[in-house]
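As structure tokens, the structure follows; a few thoughts come after it.
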Amino acid sequence: MTFWMAALVIWMAAGGRVGRVLVKPATTARVAIVVAVTAVAVAVTVSIPEVAVAVDHLLPGGIDGIPLGDRVTGAAWLEFAVATSVVAAAAWPVVSRRNLRTIAWSIHLAGLLAVGATIGWSMLCGFVITVLACGFIAVTGLRNLDWTALGRGIALYTAGTVAVGALAALSIRRLLLGRAPARPGAPGWFWPAWLVAGVVIAVGAVWIVIELWARARLLLRRIRALHRTLVGRFPEVVAREGTGSTTQLKASDQVTQIMDAMYLQSGSGVELVPLGPPPISIGERANLVARWAHDPSGGVALDARWLAPPEGLSPRGWVRAIARAFRKTGG
């Protein structure tokens, strides 16, 4: 059951990558990621014991004594490494942007030849190429690590790739020692390790989507009270048509509606000279704006200068700070 669930998760990740290619320009890297994650999904699916038996029955004698399912699984992991190598190659500054598509097609073609050799001739050859490709991907991934949503996705994807390379190296050792490949579902940690690596790769491939969705959900929850209060006073800021249906678009819409409502409440841009410039402290300024938003007739008067996001802070971050202070006021 665990293999089935893992395969389902990875196929969902592959579908998510296909969706990004459909809604955004189909760049060389995006297409390669689709191929890579799909290859991981195929590898894990064929590794399911029931599926492996069904694939083996397509060629009962196997090829050179190795079951067909094992060869297909090894070839799928090889295709993952080859496709990801295209993405890694694109990340190096020395690679010509003009010739990138030609380079990518060359890598894919060489990968298909290696896949054919793995299935029809030597699994050892396939695992050696997989190890080399995973090493190249790991070096490239480490060069591009960063504490951002994209960087965290790269870290997960690279970690899964390193695990694949290590497992491929262990498979080479087994073949050189003349031991039969570990069968899907066999006792031990070997096949579950492949499964874990596949899931980590799949999560890394869609991590930026997952994180942005989670951030949008958290933002919607934090600004709910402020949004409800201001939209209740100025319902005209809510567009009746064309509102975003996705979580991220909904969060962006609500941030815009809050800013528009505060602008209307301040007198539509009128500057009050006696107020003077707003304080430099973001926390102090957010507290004053939150009190004014909670009770505009409570003795606090603000103008558009106070409502504009402070320097270095995005509208989303500014609204988040106001919403945090608004909750403390009992809003």
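Worth knowing before you read on, the calculation uses all heavy atoms, side chains too, and leaves out hydrogens, waters and symmetry mates.
- To the nearest 0.5 Å, atom CG of residue L307 and atom OH of residue Y263 are 10.0 Å apart.
- Between W147 atom CH2 and L145 atom CG the span is 10.5 Å, to the nearest 0.5 Å.
- One hydrophobic cluster, built from ILVMFWY side chains closer than 4.5 Å, cannot hold both V31 and L22; they sit in different ones.
- Considering every non-hydrogen atom in both N144 and A91, the closest pair reads ND2-CB, 4.1 Å.
- Around the CH2 atom of W11, the shell of radius 6.0 Å holds more than 12 heavy atoms that belong to other residues, nucleotides or ligands.
- In this structure a side-chain-to-backbone donor-acceptor pair under 3.5 Å is present from R17 to A205.
- Atom CZ of R98 sits in a sparse spot, with 12 or fewer heavy atoms from other residues, nucleotides or ligands closer than 6.0 Å.
- Proximity of M259 to P309: side-chain heavy atoms (C-beta onward) are separated by under 4.5 Å at one or more points.
- The environment of R221 atom CZ is sparse: at most 12 non-hydrogen atoms of other residues, nucleotides or ligands sit within 6.0 angstrom.
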query = Would W4 and V51 count as a side-chain contact (heavy atoms from CB on, under 4.5 Å) if you check the C-alpha gap in whole Å, the side-chain angles of each, and the deciding distance to 0.1 Å?
reply = CA-CA 10 Å; W4 286 103; V51 177; 3.9 Å; yes
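- Looking at R71 and D64, their side chains come closer than 4.5 Å, going by heavy atoms from C-beta outward.
- Side-chain contact between I322 and M262: present, with at least one pair of heavy atoms (C-beta onward) separated by less than 4.5 Å.
- For A133 against A81, the heavy-atom pair with the smallest separation is CB-CB, 3.7 Å.
- More than 12 non-hydrogen atoms from other residues, nucleotides or ligands lie less than 6.0 angstrom from CZ of R233.
- The shortest distance between side-chain heavy atoms of W207 and Y157 does not fall below 4.5 Å.
- For the pair V115/V82, no side-chain contact is recorded, criterion being any heavy-atom separation below 4.5 Å from C-beta on.
- Formation of a donor-acceptor pair under 3.5 Å by the R101 side chain with backbone atoms of N99 is not found in this model.
- In this structure, A293 and Q265 approach most closely via the heavy-atom pair CA-NE2, 3.8 Å.
- Contact record, L68 with D56: N-OD1, 3.5 Å, taken as the closest heavy-atom pair.
- The CZ atom of R152 sits 10.0 Å away from atom CG of L150, with the distance rounded to the nearest 0.5 Å.
- Separation of atoms CD1 (I137) and CG (L142) is listed at 12.0 Å; rounding is to 0.5 Å.
- Residue A89 comes nearest to I107 through the heavy atom pair CB-CD1, 4.3 Å, listed as atom of the first residue, atom of the second, then distance.
- Counting only heavy atoms from C-beta outward, the side chains of H294 and T229 never approach each other to under 4.5 Å.
- W318 places a side-chain heavy atom less than 4.5 Å from the side chain of V289.
- For the residue pair V164 and T130, the shortest heavy atom distance occurs at CG1-CG2, 4.2 Å.
- A distance of 10.5 Å separates OG1 of T140 from CD1 of I154, quoted to the nearest 0.5 Å.
- At least one side-chain heavy atom of F80 sits under 4.5 Å from a side-chain heavy atom of T161.
- A donor-acceptor pair under 3.5 Å links the side-chain atoms of R327 to the main chain of R222, judged by distance alone.
- To the nearest 0.5 angstrom, R320 atom CZ is 8.5 Å from L313 atom CG.
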inquiry  = Test side-chain contact (heavy atoms from CB on, under 4.5 Å) on R291 and K328; report intermediate values, then the result.
reply    = CA-CA 10 Å; R291 286 170 50 198; K328 294 179 181 179; over 6 Å; no
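- Between W194 and T73, the side chains place no donor N or O within less than 3.5 Å of an acceptor N or O (distance only, hydrogens not considered).
- Residue L226 is grouped with residue I282 when hydrophobic side chains (ILVMFWY) are merged at heavy-atom distances under 4.5 angstrom, including chains of intermediate members.
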request  = Could you please spell out the steps behind the side-chain contact (heavy atoms from CB on, under 4.5 Å) verdict for R97 and L100?
outcome  = CA-CA 5 Å; R97 302 296 100 182; L100 179 58; 4.2 Å; yes
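- Taking the six-membered ring where tryptophan is involved, the planes of W92 and F136 are essentially parallel, since the angle between them stays under 30° and well short of 60°.
- The hydrophobic cluster containing V203 also contains V40, counting ILVMFWY residues as joined when their side-chain heavy atoms lie under 4.5 angstrom apart, directly or transitively.
- Under the 4.5 Å side-chain heavy-atom criterion for Ile, Leu, Val, Met, Phe, Trp and Tyr, I66 and V128 are members of the same hydrophobic cluster.
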